[in-house]
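Right, one structure below, let's go through it.
These figures come from a predicted structure and were not determined experimentally. The figures that follow rest on heavy atoms only: side chains count, while hydrogens, waters and symmetry mates do not. Letters go in sequence order (proteins before strands), and every chain restarts at 1.
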Amino acid sequence: MRDKRTSLEAAIAAVPDGARLALGGNTLHRGPGAAVHELVRQGRRGLEIVKTAGAYDIDLLCGVGAAATVSAGFVGFETAFGLAPSYRRAVEGGRVEAREHACYTVIAGLRAAIQGVPFMPVAGLTGSDLPAARGFRRLGDPYGGGEVVVIPALVPDVAIVHVQEADAIGNARIVGTRFEDVLMVQAARRVILTAERIVDGAGFEAAPETVAIAGFMVDAVVEAPGGAWPFGCAGLYDFDTEYLAAYVAASRAEETLLRFVRERILDDAAAMVLA
Amino acid sequence: MRDKRTSLEAAIAAVPDGARLALGGNTLHRGPGAAVHELVRQGRRGLEIVKTAGAYDIDLLCGVGAAATVSAGFVGFETAFGLAPSYRRAVEGGRVEAREHACYTVIAGLRAAIQGVPFMPVAGLTGSDLPAARGFRRLGDPYGGGEVVVIPALVPDVAIVHVQEADAIGNARIVGTRFEDVLMVQAARRVILTAERIVDGAGFEAAPETVAIAGFMVDAVVEAPGGAWPFGCAGLYDFDTEYLAAYVAASRAEETLLRFVRERILDDAAAMVLA
Amino acid sequence: MVVTLARLLGDGETVFHGVASPLPMVATLLAKRLHAPDLVYLSIGGGVDPDPVRLPVSTVDPALLHGTRALVTLTDLFDLAARGRLDVAFLGGVQIDGSGRINMSLIGDPARPKVRLPGGAGSAALMPVARRTILWRTKHDPRTFVERLDFVTAAGNVAHVITPLCLFARREGRLVVESVHPGVDPDALRAATGFPLAVDSGTPVTQAPTAAELGALAQIDSDHVRVSEFERATGGG
Amino acid sequence: MVVTLARLLGDGETVFHGVASPLPMVATLLAKRLHAPDLVYLSIGGGVDPDPVRLPVSTVDPALLHGTRALVTLTDLFDLAARGRLDVAFLGGVQIDGSGRINMSLIGDPARPKVRLPGGAGSAALMPVARRTILWRTKHDPRTFVERLDFVTAAGNVAHVITPLCLFARREGRLVVESVHPGVDPDALRAATGFPLAVDSGTPVTQAPTAAELGALAQIDSDHVRVSEFERATGGG
């Protein structure tokens, strides 16, 4: 297989404005922080973000005007830091459309994409206003059972996933929880990996069971030490409490958010985590 | 979690006549040979066997009259040993119903079972006589796409899977290919593991990523060294060429098959592989 | 609250919580320590029966993988619930109505909400299919316990709701007070609740934590992670 | 045959074969060695780009995991094809008709078959969605290449069919002879085929294997595993 290594700049330049973009990780954990910062630096616009539960990534992309749509089940910084201020403000101000999902319906949409089918049936959802609000249809069971909600295929144009270890052709190990990352890799038209380190893939041959992502599904591999930051990265570093607290405080108003972005993101973010 | 260890006899005694039974492995590899022999010894009847691609297991269960139905995509001994004689004879004689699947439709039916939905859409199958022959229905896409075949949920009453390593509560490692075993474990109402060896599960804590089956989905764990035989078991032993060649030759007629079963299976099969 | 939650969990049950759920995390570990050693503890991070060295403030934290022998994915856990094999799901709710339905989505007009909330996470999918759901909420006031939700994020098999004031049970589709916490005045409870309640001086009082329960709790949550919830109540699921 | 199969595979393509498929196994490894180093070789056992030390007679064998850096499942591979990302699927056929449809299911009346065949394995799902399918068959006689199938197990994007006598291509929905193998008489080929064929002395002759191709083949398949197929032709998929 061919060598897929490239720079973060070049990899992110291949994410067009308006792309449907799946981001790996969950809430405060193993999100692709460096890639999100690069999207901000490159001034991307009109993105649809797809994720089950997001935090800093979604809030920031909403705050700087990069995201137009959020398809997610939960957006918040958990009890550690509370609500997502810029996301709230952008949705309440009508600048971002919140396509609320039930987490499992994000998974169902990705599954339909992976399986090449137009829709995926999903159990539950009875009694909820979500199916009607989101236009999710019901189908009768042709084998004589009851009705079931079906979720339309959700095909990301691009998935960006941060991993602990990858080889040059895109085989990758994920330490700890995989979240929905493997689903995103399979469902997306294009896959960008950022990796804490690039390793010689020959080492994977002794234990291919431990390789979460098969290289032939990957389009670009970026070496990005500290590339989850300010998210945590299992086995290597925790989420950055101090930075996130400062971010959430700044995010409470547009002016303070933009100052924070200018001072701490448009300058060299990578330098900070390595310092 | 509770200790689930039991004897092969007790575990198999919990498989009722008429059960829909999913068997792990694929063609000549990592099938639950010891468990299949125990089903024969206990004289089980009326089973529906579920598997993508079966060989010795399905042929033998058809030959001794244990199976009434076979839901599989392929039944044969590959180019190594050719067709499955007792399966052929039982289907051609009307004693076994062959519910032919496309392998992927077995997977689709198991997926529906896993996801608690009545049916699973599946791509492909156009131009094939299988959907009509099997009564697989088509549904229109309520989101404006075309039609898609939907496969009814296929819920095994019991799944039997042979693994290289398990702990007493059912966490299990599979070396090499997992085939559809993990799907079967999730889809089935009851799960029986046979394991080459029972290990102290504390050893799994260092690398839970390598554990294919989570113990809470398992009901019974049986220590069965050589328990795949005459199937191969990756990393430990190859399929038994000599035995399988003798079996296939015997399987060509009912009398020779039954003599083979009496002499080589109703006697102590486990003793042979360990000899 | 956390001790009362723990008492609701039975031995051998399969129990799940999601993001932003410190109280269910502590309660589940406590139940396992006390009376439910064979309880199967599953959380959104995919650990099975973790034995965390320290309790994380994020309930998706890798700390909840310590001591786990198998990893499952969130997808596996939703599937487990969808096929009817999950006994207990812990879910939150910013608004909760008298029939135990929850709103985690928005306040105001759905087309242009006054307040956009975090979203229900897995609750719309889990609540109807989990064998029973336990809701918890660290605030008990009339803005939380309402007659009418602005949006029904999820509805389903709610068995109990725990608050700082009382324990609700759901009977014939309505929340009723099962017990009032020690020292809570029935009138104050009624005033704090936006839907009608039958509660008086004859209503049972929640049994106070025993010394054994408090001792186990002190060991499990020595950092008082459970307190973080009372500072910032964003719910969870 | 195996050299001709290998030539049909392009560099960078994603190629899959199933059970009972020694010829496709050898052909794919040969193409990778010769002109397609970036070909992605996937097989039913879930290995990616294996580098087997010895060639197994079973094409699901763990030997096809040697040197692989990642394992996928058969489910992943079907999904890959279903979403249009599989370039080439190798499939067999006990009967093949003039439009390249196959029967792997039964001979005779479907309700009470005279001969029960092994089944089509993945073919009904793969043939319509793989970008192209290559069929192979080690027998070429009128019982194999038939005007009418007893049962259509699978139909779809067949690009080529290879036999011991010729290479078919599918054009406008019909199989046509692309080349006749060296030494095969056009009349004999017609007589061996149950559907009408346009073939005469002007039909191109399949290019004989080069020394380089034969040398690579001898290295890859030193045990002549590919010969097993000619002894027992049960097809595959």
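For the residue pair Thr210(B) and Arg173(B), a side-chain donor N or O sits within less than 3.5 Å of a side-chain acceptor on the partner.
The greatest number of non-hydrogen atom pairs below 4.5 Å with chain D, out of Gly76(B), Ala123(B), Ala108(B), is found for Ala123(B). Of the listed residues Gly93(B), Ala72(B), Ala84(B), the one with more heavy-atom pairs under 4.5 angstrom with chain D than any other is Gly93(B). When the candidates Glu100(B), Arg111(B), Arg89(B), Arg88(B) are compared by the number of heavy-atom contacts under 4.5 Å with chain D, Glu100(B) comes out ahead. Between chain B and the residues Asp61(D), Val129(D), Val57(D), the most heavy-atom pairs under 4.5 angstrom are made by Asp61(D). Interface check for chain B: of the options Leu71(D), Thr75(D), Thr73(D), the most heavy-atom pairs under 4.5 Å are formed by Thr75(D). Ranked by heavy-atom pairs shorter than 4.5 Å toward chain D, the options Gly94(B), Ala90(B), Gly54(B) are led by Gly94(B). Listed options Ser128(B), Ala53(B), Gly127(B) were ranked by heavy-atom pairs under 4.5 angstrom with chain D; first place goes to Ser128(B). Options Arg101(D), Met127(D), Lys114(D), Arg112(D) differ in how many heavy-atom pairs under 4.5 Å they form with chain B, and the most are formed by Arg112(D). In terms of non-hydrogen atom pairs under 4.5 Å with chain B, the most contact-rich of Gly47(D), Pro22(D), Gly46(D), Ala130(D) is Pro22(D). Between chain B and the residues Pro110(D), Ser105(D), Gly108(D), Ala111(D), the most heavy-atom pairs under 4.5 angstrom are made by Ser105(D).
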- [ ] Assess whether salt bridge (Lys or Arg N to Asp or Glu O under 4.0 Å) is satisfied between Asp97(D) and Arg170(D), documenting all intermediate values.
- [x] CA-CA 11 Å; Asp97(D) 75 5; Arg170(D) 187 156 164 269; over 6 Å; no
- [ ] Begin with the C-alpha distance, continue with both residues' side-chain angles, and end with the deciding distance and a verdict on salt bridge (Lys or Arg N to Asp or Glu O under 4.0 Å) for Arg30(B) and Asp181(B).
- [x] CA-CA 10 Å; Arg30(B) 213 168 39 67; Asp181(B) 294 14; 2.6 Å; yes
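No close placement of the Trp229(B) and Phe239(B) rings is indicated, their centers lying 6.0 Å or farther apart.
Applying the 6.0 Å contact sphere to CZ of Arg137(B) captures no more than 12 heavy atoms from other residues, nucleotides or ligands. Annotation for Arg143(D): atom CZ does not count as buried by contact number, only 12 or fewer foreign heavy atoms lying within 6.0 Å.
Heavy atoms of Leu64(D) lying under 4.5 Å from chain B are absent altogether. For chain B, the nearby parts of Val115(D) are the backbone and the side chain; heavy atoms of each come within less than 4.5 Å. The contact between Glu180(B) and chain D is made entirely by side chain atoms (from C-beta outward), counting heavy-atom distances below 4.5 Å. Both the backbone and the side chain of Thr126(B) come within less than 4.5 Å of a heavy atom of chain D. For Leu125(B), the parts lying near chain D are the backbone and the side chain together; criterion is any non-hydrogen pair under 4.5 Å. Looking at Leu28(B), only its side chain comes within 4.5 Å of chain D, counting heavy atoms on both sides. Both the backbone and the side chain of Thr59(D) come within contact range of chain B, with heavy atoms under 4.5 Å apart. Of the atoms belonging to Ala133(B), it is side-chain heavy atoms, and not backbone ones, that fall under 4.5 Å from chain D. Looking at Val60(D), the atoms closer than 4.5 Å to chain B (heavy atoms on both sides) sit in the backbone and in the side chain alike. With a 4.5 angstrom heavy-atom cutoff, Leu74(D) touches chain B via backbone and side-chain atoms both. For chain B, no part of Asn103(D) is nearby; none of its heavy atoms comes within less than 4.5 Å.
Ion pair Arg99(B)/Glu97(B) flagged as a salt bridge, since at least one NZ, NE, NH1 or NH2 atom sits closer than 4.0 Å to an Asp/Glu carboxylate oxygen. Ion pairing of Asp57(B) with Lys51(B) is present here, as a side-chain N (NZ or NE/NH1/NH2) and a carboxylate O approach within less than 4.0 Å. Comment: Lys139(D) does not engage Glu229(D) in a salt bridge, judged by the lack of any side-chain N to carboxylate O separation of less than 4.0 angstrom.
Pairing each heavy atom of Glu147(D) with each of Pro196(D), the nearest pair is OE1-CD, 3.5 Å. Closest heavy-atom contact between Ile114(B) and Leu183(B): CD1-O, 3.4 Å. Across Tyr237(B) and Ala228(B), no two heavy atoms sit closer than the pair OH-N, 3.0 Å.
Remark: the backbone N or O of Gly120(D) is not paired with any side-chain donor or acceptor of Thr153(D) at under 3.5 angstrom.
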